[in-house]
Structures are given as C-alpha cells and as structure tokens.
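In this chain, numbering begins with 1 at the start of the sequence shown.
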Amino acid sequence: MQARLLAASLLLLGSYPLYAADDTATPIIVTATRTAQTVDETLAAVTVITRKDIERQQATTIEDVLRGTPGLSLSNNGGRGKTTSVFLRGAEASHVLVLIDGMKVGSATSGTTAFEDLPMDQIERIEIVRGPRSSLYGSEAIGGVIQIFTRKGGGETTPNFSIGAGSHRSYAGSAGVSGGGTQGWYSLNTSGLHSDGFNALRGNEPDNDGYRNGSGAVRSGYRFDNGAEVDINALRTTGFNKYDGYTNEAHVVQQVVGGRMAFSPLIPWHVTITAGNSRDEQKYYSNRVYSNRIYTSRDTASFLNDVTLGTHLLTAGLDYQDDQVNSDTVYAITERHNTGVFSQYQGVYGAQDVQLAVRSDDNEQFGNHTTGGLAWGYKLRQDLRLVASYGTAFKAPTFNDLYYPTVSFPIGPDTYTYVSNPALLPERSKSWELGLRNSFASGTSISLSVYETQVQDLISLATIFTAPSTYTKITENVDRARIRGLEAMVKTKITGWTVETNLTLLDPQNRSGGTNDGNVLRRRAEETFRLDLDRSSGKLRYGSTLFAEGRRFEDAENTVELKRYATVDLRADYAFAKNWTLGGRVGNLFDKRYETAAFYNQDGRNYFITLRYHATARDGGSARNAKYAA
C-alpha cells in the first residue's frame, strides 16, 4: 500500500493542478535557519499556522491546530488541560524543541513542554520545522522545532473581543488591543476559560475532570529610522487541572519574558541580541491536600551575527542557557548551564541553494557535543525543486534522568525501585531527507518528503530482577531506534473550495535488540491523514475537517494496541455586522470513541459557539512587520 501511495504522490507532483488557489501570499519563516526567509526559499520541511488559520478552524486548544500537521502525532491523557505529548517525525516527545517568541521553554525535569496550558487567544502564528536542528539550536531538536509567536500588533489601534460556550459547561473569553503605527507595534491581550471536562481515565474515579486557565500577554517594540529595533514580550498563563491518579489536582504556571535588540553596525552586518526567562511550575494535590511541587526556571541569551554578501549569507552566533530546579523532591544537583557556539552558511548558485551549519555545545554536566547539518536544493524547473539534507542532533539528559532520588513504589503484588543515573550520555541521532516541492505563483503548493532518522543511546529504564516480586528500574543509554517516514501535502482550490490535505506514513521501529527489536515505538501512529475543505459565500464561511490515524501501541512490547480511528469536524461562521462574527464548531460529529493513550478517554461529539469582534485596521503595519516577528 505504501508503494502505491508513493507512486501516486510522485505523479501528483509532476502534474499541474486544474484550479488555482486565491491566496498568493507567501509566509515568512525564521525558525528553520534563524534568519528571515519565505517558505518557498527554505530548504527545510516547514508548516506555518497563522492567526487566520486558527480562527478559520475555530480552534479552542493548541492541540486542535497541531493535530494532523504533516509528520506530527499527538497523545493526550483525557481531554482539555491534560498532559499532551507531541511526537515529530516519530522522535520522542522530549526530542522536540519548543520556542515562544525566540525563548526556549519547557520543563528541565521532564524535558517536555506543557502544550495543554498554552492559550490559543494569545497566539499569532506557529512555525513547525521538521527534521534535526541541533546544528542551530543545540539540545532537543532531534525531531524538529516548534516556535510559537504571540500577537504583535502594528498599524492602527484595533481592539478585539470574543466570548464562547460549549459542551461540558465550557466557557471562554478574551479581550485585547493592538496598534503602534508604521514603525512601532504593541499588543495587550487577556483570556480565560473554564470547562467541567469529562472522565479522563477509563475505569478509575468516574468523575468529571475539569480544567480552567487564565492568561495574559504583552508585546511591544519600535523600529527606528536607522533600522535598529527593540522588542519586548511577556506571556503568563495559570491553570487548575483535575485528573485521575495518586495525585489528582494540579496548579500550573507557564511564563515567558524576553527582549530583543537588533541593529546594523555596517551595511552588510546585522546583529541581534536576545535574552529572557521561562518558567514551568507544577504544584500537586491529592484530594485538595498538598503533595509536592516541581518548579523549573530557564535563563537564555543569544548573540547572533548575519553578514550578507550578494547571494551569500554567513551567520555566527553564541547561545547561553542556565536551568534551575526548585522542588520538594531533593535533587543531587539543581542547576546546570550550557554554552553553544555555531555558524551557518547559506548560498545561492544559479538554480542551486546550499546551507551548511555546525555547532559545538559545552554542557556543565556532560561536556562537549558537536552537531552539523547540510542541505541542498536544485530547481528542476521554475516551480519544481528537489531538496536533500543530512543532519546530526542530540538530546541532553534531563534532571529526572540524571538526579531524581531513588524511590520505591508498589504495582500490584510487585515492588519497583526507580534509580536515576548521573553518568548518562546524550541521546544522539543522524537523519537524511529527500523531497520534491511544487510551488505555483497562483498559490497552489504540492510537496513530498521521505526521510530516515537513526537514534542511538536512547535513554530508557532497564529492568533488573533483584528478588522475588522485586524489580529495579535503572535509567540507562540502552535503546536504539530507526524511524522512516513519508509526508505528502497538497493545497489548492477546486470550484470555489479551498482544499488542504496531507498524508504521513511512519515506520518507527525499536532497534535495540532483544525481545522488542522490530516493534513499533510506543504511542506513534503509523498513518496520519487530514483533509480540510473550506468555502466562503458572501458573509458566510463554512468547512469541515476529516482526520484519521492508524494504529499505535501503548507499550514497548506492542501488546496493548490502540485502534485506528477517524473523526469529522464541521464549522461555520457568519459576519452579521461590521467587525462582528458568530461562529460554531461541532467536533467529532459521529461520536467516535477512541484513545491516543491507553485507558484515557477522548471527547465524543462536542460543540462550541463563539462571538467575535475584531476591528479592521486600514494600516497594514502588522503585515509589514511580519518578517521581524522573531
């Protein structure tokens, strides 16, 4: 079946579409190279999700817009506000680097980012780069990078407001204002939501597991007449989450504060300096009785230099990162820092594009690590390009991997003891990719990518039998994985309908030897398909999403299989007055019962209605500022 799909995709890439899309604007992306370039120019496999996309889909959570993105798979532990893991190109959830307005975020203890707590109303756009990027960013970017940009502003003063309600006694509201003229920008936004939720864990504590969240964001900056810029940003979200388990309530805080300054000492030389702090705070309760807390803080700073010489761009940079842990749990070490130096060359030679990058990271805990990347593009014709790339990446062990104190706990009649390992090595990977991309002047785009990633020294728990009914789980670098994939994407317009569709085929195999060798890595869907259809008719806009995933396995032994499923969502909105829109969304129309993590329920048929006000600015300052968003 995969061979037939590959052949069909290749035929599709070689043919011109019968109809063209209306939207000819080409998004600017900065995450792939840490420099501004259009999506058509980049050699990386990228996806850009804009504010228009978010509002068109009437997305209420970040999971709504990420779900079905090419190469991306999600697992969720029971609905809104529950732990959500993001797997990019089959890599581990901790192998995805996440940035907010250029600041690195996530927990230093778990190694993942709490996507479930990030507020949709504060997001301007999301850039997703698939494939290794350690040669530019250092640790964690084995599977790729996801960068989230908060609302920026610019142009005339424009207020915005929304209020909504839906299933499970869910309520949401937001309000904000943005502006700044032609050289400045500012945006102030606040939002909140509440949901009673549904029972998160099948067969345990049959109650509704609710969630509530409040957030605020501010961003402001100015571009001087000489081209110099300053920009500051802050985002804070607080949440209260109920779930099922030994602890069943959590108070959470996600916070990012940062600043950026850019200037040109000489005409070909551009300097960018950024600094900031991110925080991940989790405080746990059991039936309203305090249990423990885990707070982590991350300070980052970057010094970036770009030198442009004709069609050649040389980038050199320095990154600094300091992670700290503050917890009731006693860690042997609670702070470490990392310094990374890197350089990148981008050049154009007629029909060919070349990108070279190399980076060295000096980590206080595990020493030096060097990574590199090479990408090449060739225009077969004006609208068709062949791209190829190779890259290495790594993931530093987390504080939990290295220093979590030894603890014993019962599981049924057995007793398990968890032992961390301060001698762990970084997880390492090497990846290659080959792709074809059609990009028509009309806005239609078609692309196909095949890739393979090999990961060594994967960190896992080696189980040792120490006595009758007694086991010790030791954290070790013992696993290996080989991940192969195919991604095919099409965006066009057919008889008035905007059509966006993509297919991901994934073969994520355990290659560690032993009884699990050849098994599918846990919680990765082997097939993912998404089809979006949208149409506008005067003031009415309507559409639907078909999303389907193949089987996945909960365990490394592949004994617990999570069945394939498909869902259909419907949406419509009506601009009933100037700047006013009323929209409605029905999710999981056919009430499909499915799981993305074993025993954790997913929402059945649900609905949400939103009333939105957004003044239309005559000044296009926000659009003109787009390429400076990072």
Side-chain angles (χ1 to χ4, degrees), residues 63 67-68 72-79 82-95 110-112 116 143 198-206 209 243-246 248 409-416 418 455 458-465 469 471-476 478-485 504-529 547-567 588 591-604:
E63 295 97 315
R67 189 179 68 156
L72 189 148
S73 184
L74 296 169
S75 73
N76 171 266
N77 289 5
K82 309 305 179 282
T83 299
T84 299
S85 299
V86 174
F87 304 98
L88 197 53
R89 287 197 164 176
E92 297 285 345
S94 59
H95 292 170
S110 70
T112 58
E116 63 274 9
F198 51 86
N199 186 36
L201 185 59
R202 174 162 53 89
N204 188 42
E205 298 184 38
D209 296 301
Y243 52 94
D244 296 328
Y246 172 71
N248 52 25
F409 52 91
I411 299 181
D414 302 327
T415 299
Y416 288 81
Y418 172 83
V455 188
L458 271 171
I459 297 173
S460 64
L461 293 176
T463 303
I464 301 174
F465 179 74
S469 299
Y471 301 84
T472 298
K473 288 184 171 290
I474 301 177
T475 309
E476 294 183 345
V478 296
D479 280 352
R480 294 172 179 262
R482 189 219 66 198
I483 305 164
R484 289 175 176 167
T504 299
L505 302 178
L506 194 66
D507 182 22
Q509 286 192 15
N510 185 320
R511 286 299 181 91
S512 302
T515 58
N516 294 330
D517 190 69
N519 285 355
V520 177
L521 300 177
R522 66 188 298 264
R523 291 192 177 181
R524 275 75 151 184
E526 294 178 286
E527 302 93 18
T528 303
F529 175 78
F547 177 71
E549 280 194 316
R551 67 171 186 174
R552 65 177 82 192
F553 293 95
E554 176 64 24
D555 56 341
E557 294 76 21
N558 286 186
T559 59
V560 180
E561 180 179 336
L562 305 181
K563 302 297 183 181
R564 59 179 55 89
Y565 70 93
T567 61
N588 196 358
D591 201 26
K592 180 66 176 179
R593 301 299 174 183
Y594 65 98
E595 296 174 355
T596 59
F599 308 111
Y600 286 98
N601 296 315
Q602 292 300 298
D603 205 356

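Comment: Glu554 engages Arg523 in a salt bridge, judged by a side-chain N to carboxylate O separation of less than 4.0 angstrom.
Listed by chain and residue number, Glu526 satisfy the salt bridge (Lys or Arg N to Asp or Glu O under 4.0 Å) test with Arg551 (two or more places apart in sequence, or in another chain). In this structure Glu116 satisfies the salt bridge (Lys or Arg N to Asp or Glu O under 4.0 Å) test with no other residue, sequence neighbours excluded. Listed by chain and residue number, nothing satisfies the salt bridge (Lys or Arg N to Asp or Glu O under 4.0 Å) test with Glu476 (two or more places apart in sequence, or in another chain). In this structure Thr475 satisfies the side-chain contact (heavy atoms from CB on, under 4.5 Å) test together with Asp401, Tyr418, Asn421, Leu424, Ile459, Leu461, sequence neighbours excluded. Partners of Phe198 by ring-ring contact (aromatic ring centres under 6.0 Å, His included), not counting sequence neighbours, listed by chain and number: His168. Applying the side-chain contact (heavy atoms from CB on, under 4.5 Å) rule to Thr567 yields the partners Arg67, Phe547, Tyr565, Asn588, Lys592, Tyr594; only residues at least two apart in sequence or on another chain are considered. With sequence neighbours left out, the side-chain hydrogen bond (donor to acceptor under 3.5 Å, both in side chains) criterion links Thr559 to Asp555. Shown here are the side-chain hydrogen bond (donor to acceptor under 3.5 Å, both in side chains) partners of Asp517, two or more places apart in sequence or in another chain: there are none. Taking the salt bridge (Lys or Arg N to Asp or Glu O under 4.0 Å) definition, one finds that Arg484 meets it with Glu452, sequence neighbours left out. Taking the side-chain hydrogen bond (donor to acceptor under 3.5 Å, both in side chains) definition, one finds that Asn76 meets it with Thr84, Gln602, sequence neighbours left out. Every residue meeting the side-chain contact (heavy atoms from CB on, under 4.5 Å) condition with Gln509, not counting sequence neighbours, appears here in chain and number order: Arg482, Asp507, Arg511. Shown here are the side-chain hydrogen bond (donor to acceptor under 3.5 Å, both in side chains) partners of Ser75, two or more places apart in sequence or in another chain: there are none.
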Please assess Thr83 against Thr112 for the test side chain to side chain contact (heavy atoms under 4.5 Å, CB included), listing each intermediate value before the final yes or no.
-> CA-CA 10 Å; Thr83 299; Thr112 58; over 6 Å; no
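In plain terms, the two heavy atoms of Ala91 and Gly143 that are nearest each other are CB-CA, 3.8 Å. Among all heavy-atom pairs drawn from Thr515 and Asn519, the shortest one is O-ND2, 4.2 Å.
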